[in-house]
Novice: 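Please read through the structure below; I'll follow up with questions.
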Amino acid sequence: MKFKAFLTQDGVNLLDKRFLPAVDKLGRICHVYLTPDHAMFLHNLLSGDGMQSVAQFNKDVLFRDYRISSQNAGRIGFAVDVALLHRALRSALTIQAQAPDDTAAIQIKLVKKLPAGSRDPAPFLTFETKGRVSAVVQDVPISKPLPRDDVQQLQSALEAAQDLPQTLVQVQDLAQLQSLVDRLRNVGDLLTVAITQYGDLHLQVSTSLITVGSEFRRLRVLGVRADPPASDGILSAPTRTEMAIRKGEGLSAQVSLKHLAKSLQCHLAKPDCAFYGIAPQGACLTVIFQFFVPGTRLTDKSISFYCRLPVLDPGSGP
Amino acid sequence: MSSSAGMGGDAPDLVCQLDCAQGMVDALTSDAVVEISEHGVVLIVEESGCLQAKVYLKRELFLVYEYTAEGRPRFGLSLGLFVDCLNTFSTPGHAPVIEIRYPGSDMQLLLKTVDSPDACIYAEIRTRIPDTISWDYNFQSTGNVHATFTIRSAVLKEAVDDLEWPGSSIQIVLQPDPPSVILRGEGHGDLQVEFPYYANTDLLIAFQCDHRVSYRYKYKFLRATTSHIPNSVLKDNRGSKVTIGRGGMLKIQHLVSVKRAGGQHSHGDTSGGIQQLSRIAYIEFFVKPEEDEIPVNDT
């Protein structure tokens with residue numbers, strides 16, 4: 001099992017300024033999953049409960065001279081403390097900044113070392129940076145590489161997650177959604193989310209004394225869409241949503257407001273927009289973040305970032 | 001309970017079964033009574049049967065006010081929820097137009113934002129059949145004229161705050177000769193605050209009294225009438241009107257400016273003065289006097 005690569009400058013910026021802060025907010029410990037083509041940061045794909053998140057990069061976005069080999073079809077997975085990883089990267093950056101030019105590259109590799117005061121070698125992810133006067137090596141402790149079964153399970157969980165909801169709606173203003181979610185948290189924790197093929201996103205929190213909800217209408221729809229029934233403008237948001245679900249033109253699911261608030265932390269990765277969809281049979285709420293190629297409005301296909309929020313109680317309607 | 005079980009007695013101190021948790025929740029949630037009429041909305045909150053607060057929101061305060069009911073519908077509402085809810089609707093820098101509707105299909109109070117067709121926030125608050133108002137707050141004058149004075153709101157608040165030190169019971173005296181108002185506290189010590197009408201026209205704005213009137217009021221109720229008045233009232237310092245009615249019923253009235261954020265809905269400037277007047281909400285407090293007091297010269 002071998003892994004060795006140089007971080008690209010883009011890769012360093014992406015990780016340092018955008019993705020590591022977001023990934024850290026999603027959960028302190030994450031799985032790093034490396035394949036011959038991709039590098040990924042994963043949360044909760046093995047445990048199966050809690051919110052799942054996947055940040056996947058084409059290997060060339062983050063690395064050059066990417067060398068990987070393993071018994072599991074060239075795939076390696078391990079758990080790491082995101083904060084430690086970020087700290088190592090930052091200090092590697094400081095050393096790099098002292099170099100006379102941009103040639104001082106940061107190399108990372110998987111190693112086994114004998115930790116101080118121990119007789120058993122332990123695995124590390126090592127950052128090697130050569131500055132002007134010094135070269136610095138940082139060892140970030142990681143878990144033992146995942147055994148073949150777990151790697152296989154990660155791979156199949158990832159493939160299962162590829163199933164996209166039939167209908168996705170685009171939310172442009174994540175800050176607005178975040179402020180709404182913060183305020184709804186005062187009401188309760190169980191959130192009913194409904195998404196219709198007309199491009200409506202409906203959020204509702206309900207207790208015995210009060211129901212508070214919010215509806216965003218005429219959002220951009222990806223996938224299956226339908227025209228809203230005529231004169232539905234006079235109906236109330238809950239009635240409209242209920243009718244859409246009854247006609248099979250909408251789905252609803254109950255999720256934890258805490259999970260949704262957490263997923264919104266992904267905005268730290270500065271996505272250009274976000275899509276929300278409910279998986280078939282209301283299996284989960286999927287949030288897909290989209291990134292544009294810098295300076296364009298074209299989707300950057302080399303980065304993909306999404307969350308799957310577990311459904312607490314498959315509801316039939318709000 | 002566990003300790004009593006440990007002491008040998010198997011029976012816990014209390015076992016009770018509840019068949020209607022909602023009733024319990026209702027009983028524990030402090031309520032306001034809301035009364036709607038063709039003139040506007042009145043919120044009434046009562047405490048201990050001795051203090052009643054009324055907030056008058058005149059129909060002119062609303063952008064639109066459509067009233068079709070017969071009689072004056074009343075309903076009970078958790079004031080805390082209602083306030084939280086209104087806060088949920090407005091974000092810093094954005095005050096949406098909120099539509100309030102009553103009743104919903106299940107007698108709820110319905111709120112929703114109406115300024116954007118593509119995004120809305122809404123809420124449904126459960127209402128209750130209101131408790132009967134336990135004590136009659138009908139206000140009648142003591143004689144031919146009301147015994148009343150109008151005082152700068154900040155001055156009244158300051159005087160009441162000062163009277164905290166003697167505490168417990170505060171005597172309010174209005175006398176025509178010399179025309180003055182006296183607030184006196186006797187408890188841990190004595191403190192008397194006197195406002196002579198002619199001495200400083202800045203303090204007492206108006207004064208009306210044709211015979212001496214004196215009653216005692218519990219300090220905590222008196223304080224409640226000034227402690228939560230909005231900052232804007234103190235800032236505007238328009239004046240609070242204090243009246244003592246038959247039987248010593250004390251009425252304190254504050255005026256609250258309800259300003260529009262940034263004047264975004266102002267309708268021209270010709271009606272500016274009228275607009276300004278109609279942007280006032282009234283808060284009234286009624287306080288019952290202490291019963292053991294024998295009124296002096298109160299006819």
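Hydrogens, waters and symmetry mates play no part in the numbers below; they use all other heavy atoms, side chains included. Quick caveat: nothing in here was measured; it's all calculated off a predicted structure. Letters A, B, ... mirror the listed sequences (proteins, then strands); counts begin at 1.
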Novice: So which part of Leu180(A) gets closer than 4.5 Å to some heavy atom of chain B, the side chain, the backbone, both or neither?
Specialist: side chain
Novice: Report the option among Val187(A), Val212(A), Thr211(A) that has the most heavy-atom pairs separated by less than 4.5 Å from atoms of chain B.
Specialist: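 When all of Val187(A), Val212(A), Thr211(A) are compared, Thr211(A) has the most.
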Novice: Classify the angle between the aromatic ring planes of Tyr67(B) and Tyr65(B) as parallel (below 30°), tilted (30 to 60°) or perpendicular (above 60°).
Specialist: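 Parallel: the ring planes of Tyr67(B) and Tyr65(B) meet at under 30°.
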Novice: I'd like to know which of Ala123(B), Cys120(B), Pro117(B) tops the heavy-atom pair count under 4.5 Å against chain A.
Specialist: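 Answer, by heavy-atom pair count under 4.5 Å with chain A: Cys120(B).
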Novice: Can you say whether the rings of Phe57(A) and Phe19(A) are parallel (under 30°), tilted (30 to 60°) or perpendicular (over 60°)?
Specialist: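 Answer is perpendicular, since the angle exceeds 60°.
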Novice: Between Tyr122(B) and Gln204(A), does any side-chain donor sit less than 3.5 Å from a side-chain acceptor?
Specialist: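 Yes - a donor-acceptor pair under 3.5 Å links their side chains.
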Novice: Is the closest side-chain heavy-atom distance between Glu284(B) and Phe286(B) below 4.5 Å?
Specialist: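 Result yes, sub-4.5 Å side-chain heavy-atom pair found.
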